[in-house]
Participant: 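One structure coming up, written as C-alpha cells, with questions to follow.
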Amino acid sequence: MNLLYKSTRNSDKTVTASEAILKGLADDGGLFVPESIPRLDVTMDELKNMTYQETAYAVMKQFLTDFTEEELKHCIDSAYDSKFDTEVIAPLVKVEDTYHLELFHGATIAFKDMALSILPHLLTTAAKKNHVTNDIVILTATSGDTGKAALAGFADVPGTRIIVFYPKGGVSRVQELQMVTQKGDNTSVVAIHGNFDNAQSGVKALFEDKELEKELAGAGYQFSSANSINIGRLVPQVVYYVYAYAKLLENEEITSGEEINVTVPTGNFGNILAAYYAKQMGVPIAKLICASNENKVLFDFFRTGVYDKNREFILTSSPSMDILISSNLERLIYTIAGRDAQKNAELMAQLREKGTYEITPEMKERLGDFVGGYATEEETAATIRTTYEKTGYVMDTHTAVAAYVCAQYRKDSGDDKKCLVASTASPYKFIHSVMSAIDVKYADVDEFELIDELSRISGTEIPNAIEEIRNADIRHTRECEAGDMKAAVKEILGV
Ligand SMILES: *Cc1c(COP(=O)(O)O)cnc(C)c1O
C-alpha cells in the first residue's frame, strides 16, 4: 500500500514520501503529514528481539512506502553505525522508578543525531528516486546545536554539500569548537557578524532567491533544508519509542500490553509528536507528558487551549527548549481539527498576524492524550542534584526538566504507570549548568576543567565528541558580514 502525504494547509494535493522529504515544506507553507498513521505490522513479541536497526526498518517502511527495502535498509545501516558509541544505539537506563531512554550516544551527543544521521541518506535516496541529478546543498542557520548535528550527519555523504552559518559570539565556546573542527570535504562553516536572527533571515533570503537558484542549477546544485519540520526528521524519531517499549518488555520491566507514560523535554514539538505517532501505530502509551522549561507556552496551551507567544523570551539552562513557536505543533493542531486544512491554516494565520490563537472546545477534547508540565530553573537544578546524590546518575538540564515534570505529574495525578523519560543530551554537553547544579563550587570553574571531574564523579567515559574538541584542528575560519552571505555561498560552491 502506498502512503501519501498532504500539507496541513491544503487538502487537495498529495505527494509521495520521497517528494515530501525532498521538498521539506509544502508550497503553501504547511507541513507534510501522512494521510493516515500506519499501524505496526509486527507484534511486540517480534519487536522484542529486534536490534535498533531492525526496529527502524519495521517502523520506517510503514511511513516511507515508496522506498524499496534495499534503499531503506541502506539508509538505516549508513546512519546507525559506529558513529554511535554503543551498539544498542539508544540505551534504556533505570533511574529510581523511571526509565531514561538515552538518545545522546551519536556524533554530537544530543538527540538530534537520531534523525540527522539518517536524513542525509533519506534525502539523497529521495533525490535519486525523483531523478534529481544536482548535488543537494544544505543551508542551515544555527544558534548552536542543530548546526553541528547537521554537519556531522552530512559530512562526506556523496552528492551533498552543507554550509552552516552561526552568529560569531552568539554560541558557546564548546559549540563553536564543535563546528569549526568539523571534518568532511563537503562541509563549510561561516561565522557571521550579527545575531542568530540575521543568520536565519539571511538563509531564508537565499532560499527565496530565484536568480541564485538558476545560477546554482547551472553549476549542478540545488538547495535543501535539514529543518526539523522535514518528515524525514520526524519519522526516524518514531522508532525509538517503539524500540524502548519493546526493550522494557524484553527486560520484563512491564508485561505484554501494559500501558506506560512518556515524558519528553519539548521545544519544537518534534520529539513528542513522534511519541504520539508511535502511540497511534499501536504502542501502548497512555499519557504523553510535554515538559517545558520557563518558556512554558506549551504548558499554558494544554491547560487553556490558547497558544500565545506574546511573552518574554527567557534564557534558561536548557537552551534547546528556549522556543516560543513550536513549529511541529501545527501537525497536532491539524489532527485535532479533524484533519481540516482550512481550519488549521486559519489558526496559523492568526499566529503569524497576532502571535496567538485559541482552539475550539471540540479540538481541546481531542488533546486528552497530552499533559503539560514545566520546571523552573531551581527545580531543574535540584532534580540534577538530588538524583545524583541518591543514585550517582548525572543527567543533563533538558532531561532534568522532563524528569521533574514526570515526578510532579505522578505525585499530582496519582497515576503510577511506569514512565519513560526521553533523555535528550549528554551531561557533558551542558557541563557547566550540570556541574553547578550538583555543587556551587563548580560555578566558577572553566568548562574544560570540568570534563575530567564529571567523568570522575559519574563514573562515565568522556564521550568522543568531547575528546575531539579538546584536540582537533580548527578547519573552518571563514567569517562574513550578515549582508554578504550570498557571496560567501557562491564562493564556497565556486559559482
Ligand atoms: C532540540 C532539543 C530538544 C527539543 O526537542 P523538540 O523535538 O524540538 O521538541 C530537547 N532537548 C535537547 C537537548 C534538544 O537538542
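Both counts, for ligands and for their atoms, begin at 1 and track the order of listing.
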Participant: Test Tyr428 against every option in Val434, Asp396, Ile451 by the side chain to side chain contact (heavy atoms under 4.5 Å, CB included) rule and name the one that passes.
Facilitator: Ile451

Participant: Report the relative orientation of the aromatic rings in Phe63 and Tyr277; use parallel for angles under 30°, tilted for 30 to 60°, perpendicular for over 60°.
Facilitator: parallel

Participant: Got an N/O contact under 3.5 Å between Asp396 and ligand 1?
Facilitator: no

Participant: Does Phe269 approach ligand 1 within less than 4.0 angstrom via side chain, backbone, both or neither, non-hydrogen atoms only?
Facilitator: backbone

Participant: Give a yes or no on whether the backbone of Gly147 and the side-chain of Thr142 come within a donor-acceptor separation of less than 3.5 Å.
Facilitator: yes

Participant: Report the C-alpha distance between Glu379 and Tyr404 in whole Å, list the side-chain angles of each, state the deciding distance to 0.1 Å, and finish with yes or no for side-chain hydrogen bond (donor to acceptor under 3.5 Å, both in side chains).
Facilitator: CA-CA 7 Å; Glu379 287 159 348; Tyr404 174 82; 3.0 Å; yes

Participant: Can you list the steps and then say if Tyr80 with Phe84 is a ring-ring contact (aromatic ring centres under 6.0 Å, His included)?
Facilitator: CA-CA 7 Å; Tyr80 304 116; Phe84 285 76; 5.7 Å; yes

Participant: Give me the ring orientation class for Phe370 and Phe302: parallel if the planes are under 30° apart, tilted from 30 to 60°, perpendicular past 60°.
Facilitator: parallel

Participant: With respect to Gln237, determine whether any N or O atom, backbone or side chain, lies less than 3.5 Å from an N or O atom of ligand 1.
Facilitator: no

Participant: Just to be sure I'm reading this right: ignoring hydrogens, which of Lys112, His398, Met321 gets closest to atom 2 (C) of ligand 1? Compare them by their nearest heavy atoms.
Facilitator: Lys112

Participant: Measure the distances from the heavy atoms of Ala110 to every atom of ligand 1 and state whether one is below 4.0 angstrom.
Facilitator: no

Participant: Test your reading of the structure: does Phe430 have an N or O sitting under 3.5 Å from an N or O of ligand 1?
Facilitator: no

Participant: Could you tell me whether Asn271 and ligand 1 have an N or O pair separated by under 3.5 Å?
Facilitator: yes

